[in-house]
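Beneath this line is the structure, given in structure tokens, with notes to follow.
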Amino acid sequence: MKVYNTITGQKEEFKTQEPGEVKMYVCGLTVQNYSHIGHVRGAINYDVIRRYLRHKGYDVNYIQNFTDINEKIVKRAEEEGMAPMELAEKYSNAYINDLKRLNVEMPDEFCRVSENIDKIIEIIETLISKGHAYESEGNVYFSVESFDDYGKLSGRNVDEMEAGSRVEVDENKKHPMDFALWKSYENDPTWDSPWGKGWPGWHIECSAMSMKYLGGSIDIHGGGTDLVFPHHENEIAQSEAYSGEKPFVKYWLHNGTVDMSGEKMSKSIGNTYWTKDLLEDFSSDEIRYYILTKHYRSPINFSIEELKNSSRSLKRLISTLGQLDKVIDNYKKNRDNDFIQEDFIDVIKSHRTEFEEAMDDDFNTAKAISVLHGLSKEINSFINSSDFKPNDNNIFILKEARRLFRTFADVLGLKLEPDLVGFEDREKFSKIMEILIDAREEARDNNYYDLADKIRDDLDKINIRLKDTPRGTTWEYTGDERDDS
RNA sequence: GGCGGCGUCGCCAAGUGGUAAGGCAGAGGACUGCAAAUCCUUUAUCGGCGGUUCAAAUCCGCCCGCCGCCUCCA
């Protein structure tokens, strides 16, 4: 398995420090507002990476943080008229809810800055005693000049950067690139520290928490590409200066951002798509599928139009699985085993290999999904071929195919279930459909096509589509048809 | 100005040296009472120019266009 490592700029063979175990830390978000499609894109990318690592047999320990205290949270709390910690609680819960609705598995642990102040203080104290940090007016700064490797992740050189060219340099800093480990702050919420009341700087939290929850050196550290500098660069500096252990992180993974019509989506531009709103109109499968048909490192130029387009592609997979279920579930014991297509087993096996090869190559979900489409086509051909007969052998083969299909879907976190909104009592509903289909069958047998077509057309209007197949009529709920206008 | 990325069929998108995956949309055909679904067939030489090579979308150089980071950001 190969993984693209930001720090080397290359795909590297993936080897964990402890055989069979992966220590993975992903930067979460500052819980100051609802999550948007960009946040969730990362969450889905890392969710799939985690699922795939587990599929490969790794035991994955996955930690994600919440930044629950900083200037922005305080500001937002004022706007919403609540206490900062209350606001953080509100939006972290909202985020967790978004993740659940998107079928994103929960991390093994969510860690919060506010709960780890002790560890942060301990690290800062050590950094000061080692000469990597200094205190000034109640603030503590990390000295970038004290750390020779500074810039190794983002490929920057301290001297060449125009620090302060766009932002005023804090006069307490010895070097313009120095960054805060501890910030002096008077009003609540604050924590006591050897340097007075205040709170941690932004970058130190991830160093502290990844070390505390996962141990010294970790295998995978993920986040958006917009975190490479300065956040992750600073994390490396702090962590390695603190522990003396290198590397702090073995593989740095960065997912691309979600842009809006060529512009980066951001709150300041106001072109944000909130996750909760998207979930009103699209299923978790539709959102995940859309995201996963693009490589995790590529930027996504988001548009509703494209999301709809990719939904049509997703439907194809759902439909295949639906057919598979029907053929298998309707099968009744049968001794007629003369049609056996042994080589279909090989077809299934080769798709398994292809899928894994795609995922082994830096989690190429786009390619993996195309393998799924290939398998879908094979299954459809098999089931719909004129000489297909559901007998013991063929049903056995189809069950294998279904199992593989499901396995792939699970790795991608796709449910591939038909949209049944409004049909909660499905069993009863199915019986009603049977009655309708029978009645229409009879109409057709007697050449009452007008009536038969009326039944079909009327059902279509309420998003139920009938399909006349060689083995009888089936129905499916097509979901709310969305206008493309 | 510095660092990084991108430009592949109408649209989305894989593909990092061996002669262009897949999906959507389109066209033709099979199936159907007609449909739908499904299946089959069909549509590109890879932003431009030059170079390296037996061989390049893939490597190198230059140019054009777009974007991200350098400030909080997933």
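Only this structure's heavy atoms are used, side chains among them; waters, hydrogens and symmetry mates stay out. Computed from a predicted model, the values in this text were never measured in an experiment. In what follows, every chain begins at residue 1, and chains take the letters A, B, ... in the order their sequences are listed.
- Among the protein residues, A/Lys467 comes within range of the nucleic acid bases, having at least one heavy atom under 4.0 Å from a base atom.
- Spacing between B/G51 and B/A13 at atom C1', rounded to whole Å, works out to 30 Å.
- Because its NZ or CZ atom is not both nearer than 6.0 Å to the ring centre of A/Tyr449 and within 45° of the ring axis, A/Arg444 does not count as a cation-pi partner of that residue.
- Atom CG of A/Asp457 and atom P of B/C34 are 15 Å apart (whole Å).
- Counting non-hydrogen atoms under 4.0 angstrom, A/Gly224 reaches the backbone sugars and phosphates but no base.
- Among the nucleotides B/U16, B/G33, B/A74, the one closest to the side chain of A/Asp361 is B/U16.
- In this structure, A/Ser298 reaches the sugar-phosphate backbone alone: every heavy-atom distance under 4.0 Å involves primed, P, OP1 or OP2 atoms, never a base.
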Between the protein and nucleotides 24-26 of chain B, are there any N/O to N/O pairs under 3.5 Å, and if so, what are the atom names and distances?
from	atom 1	to	atom 2	distance (Å)
B/C24	O2'	A/Asn309	ND2	2.9

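- With hydrogens and angles ignored, a donor-acceptor pair under 3.5 angstrom links the side chain of A/Asp453 to the base of B/G33.
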(request) Evaluate side chain to side chain donor-acceptor pair (under 3.5 Å) for A/Asn234 paired with A/Tyr150, printing each intermediate quantity in order. (result) CA-CA 8 Å; A/Asn234 291 352; A/Tyr150 193 76; 2.5 Å; yes
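- Comparing the P positions of B/G17 and B/C60 gives an interatomic distance of 12 Å, to the nearest angstrom.
- Of all nucleotides listed (B/C34, B/A37, B/G23), B/C34 comes nearest to the side chain of A/Arg444.
- A donor-acceptor contact under 3.5 angstrom links the side-chain atoms of A/Arg456 to the base of B/A35.
- Rounded to whole Å, the P atom of B/U43 lies 33 Å from the corresponding atom of B/C54.
- Base pairing in RNA chain B gives the following stems of 3 or more Watson-Crick or G-U pairs, range against range and under 3.5 Å: B:1-7 with B:64-70, B:10-12 with B:22-24, B:26-30 with B:38-42, B:47-51 with B:59-63.
- Here, B/C3 and B/C46 have their P atoms 30 Å apart, quoted to the whole Å.
- For A/Lys294, counting side-chain heavy atoms from C-beta on, the closest listed nucleotide (B/A14, B/C39, B/G33) is B/A14.
- Salt bridge A/Lys454/A/Asp457: absent, no basic N to carboxylate O contact under 4.0 Å.
- Of the options A/Asn45, A/Asp362, A/Asn255, a side-chain hydrogen bond (donor to acceptor under 3.5 Å, both in side chains) to A/Tyr296 is made by A/Asp362 and by none of the others.
- Aromatic pair A/His232/A/His254: centroids less than 6.0 angstrom apart.
- With hydrogens and angles ignored, no donor-acceptor pair under 3.5 angstrom links the side chain of A/Arg297 to the base of B/C6.
- Among the atoms of the strands shown, base atoms are found under 4.0 Å from some heavy atom of A/Leu466.
- When the P atom is used for both B/G22 and B/A30, the distance is 24 Å, rounded to whole Å.
- Distance CG (A/Asn380) to P (B/A36): 17 Å, rounded to an integer number of Å.
- Using a 4.0 Å cut-off between charged nitrogen and carboxylate oxygen, A/Asp149 and A/Lys152 count as a salt-bridge pair.
- Taking atom C1' on both B/C12 and B/C6, the two are 16 Å apart, rounded to the nearest angstrom.
- Taking atom C1' on both nucleotides, B/A14 is separated from B/A44 by 15 Å, rounded to a whole Å.
- Heavy atoms of other residues, nucleotides or ligands lying less than 6.0 angstrom from NZ of A/Lys276 number more than 12.
- Judged by distance alone with a 3.5 Å cut-off, no donor-acceptor contact links the side chain of A/Asp226 to the base of B/C70.
- If you check every strand for non-hydrogen atoms under 4.0 Å, A/Asn384 touches sugar and phosphate atoms only.
- Closest-nucleotide positions on RNA chain B for A/Thr293 and A/Ser376 were compared, and the one nearer the 5' end corresponds to A/Thr293.
- Both A/Tyr449 and A/Thr225 lie near RNA chain B, and the one whose nearest nucleotide falls closer to the 5' end is A/Tyr449.
- A salt bridge is defined here as a Lys NZ or Arg NE, NH1 or NH2 lying under 4.0 Å from an Asp or Glu carboxylate O, and A/Glu105 with A/Arg51 meets this definition.
- Taking atom CE on A/Met177 and atom P on B/C69, their separation rounds to 16 Å, with Å as the unit.
- The distance between atom CG of A/Leu153 and atom C1' of B/G4, rounded to the nearest whole Å, is 11 Å.
- Among B/C40, B/A14, B/A74, the nucleotide with an atom closest to any side-chain atom of A/Asn364 is B/A14.
- Between A/Tyr251 and A/His221, the ring centre distance reaches or exceeds 6.0 Å.
- Checked against B/C3, B/A14, B/A74, the side chain of A/Ala366 finds its nearest nucleotide in B/A14.
- Listed by chain and number, the residues in a salt bridge (charged side-chain N to carboxylate O under 4.0 Å, His left out) with A/Lys367 amount to none (sequence neighbours excluded).
- Comment: A/Arg465 engages A/Asp460 in a salt bridge, judged by a side-chain N to carboxylate O separation of less than 4.0 angstrom.
- Using a 4.0 Å cut-off on heavy atoms, the residues of residues 433-442 of chain A that approach RNA chain B are A/Arg440, listed by number.
- Summarising the local packing, CG of A/Asp450 is surrounded by 12 or fewer heavy atoms from other residues, nucleotides or ligands at distances under 6.0 Å.
- Rounded to whole Å, the separation between the P atoms of B/G68 and B/C59 comes to 24 Å.
- Across all strands, A/Gly374 comes closer than 4.0 Å to no nucleic acid atom at all (heavy-atom distances).
- Within 4.0 Å of A/His254, counting heavy atoms only, lies no atom of the nucleic acid at all.
- Residue A/Ser310 is classed as having no contact, given no heavy-atom separation below 4.0 Å to the nucleic acid.
- Here A/Glu354 pairs with nothing under the salt bridge (charged side-chain N to carboxylate O under 4.0 Å, His left out) rule; sequence neighbours left out.
- Counting only heavy atoms from C-beta on, A/Glu306 has its side chain closest to B/C12 among B/U38, B/C12, B/U16.
- Listed by chain and number, the residues in a side chain to side chain donor-acceptor pair (under 3.5 Å) with A/Glu13 amount to none (sequence neighbours excluded).
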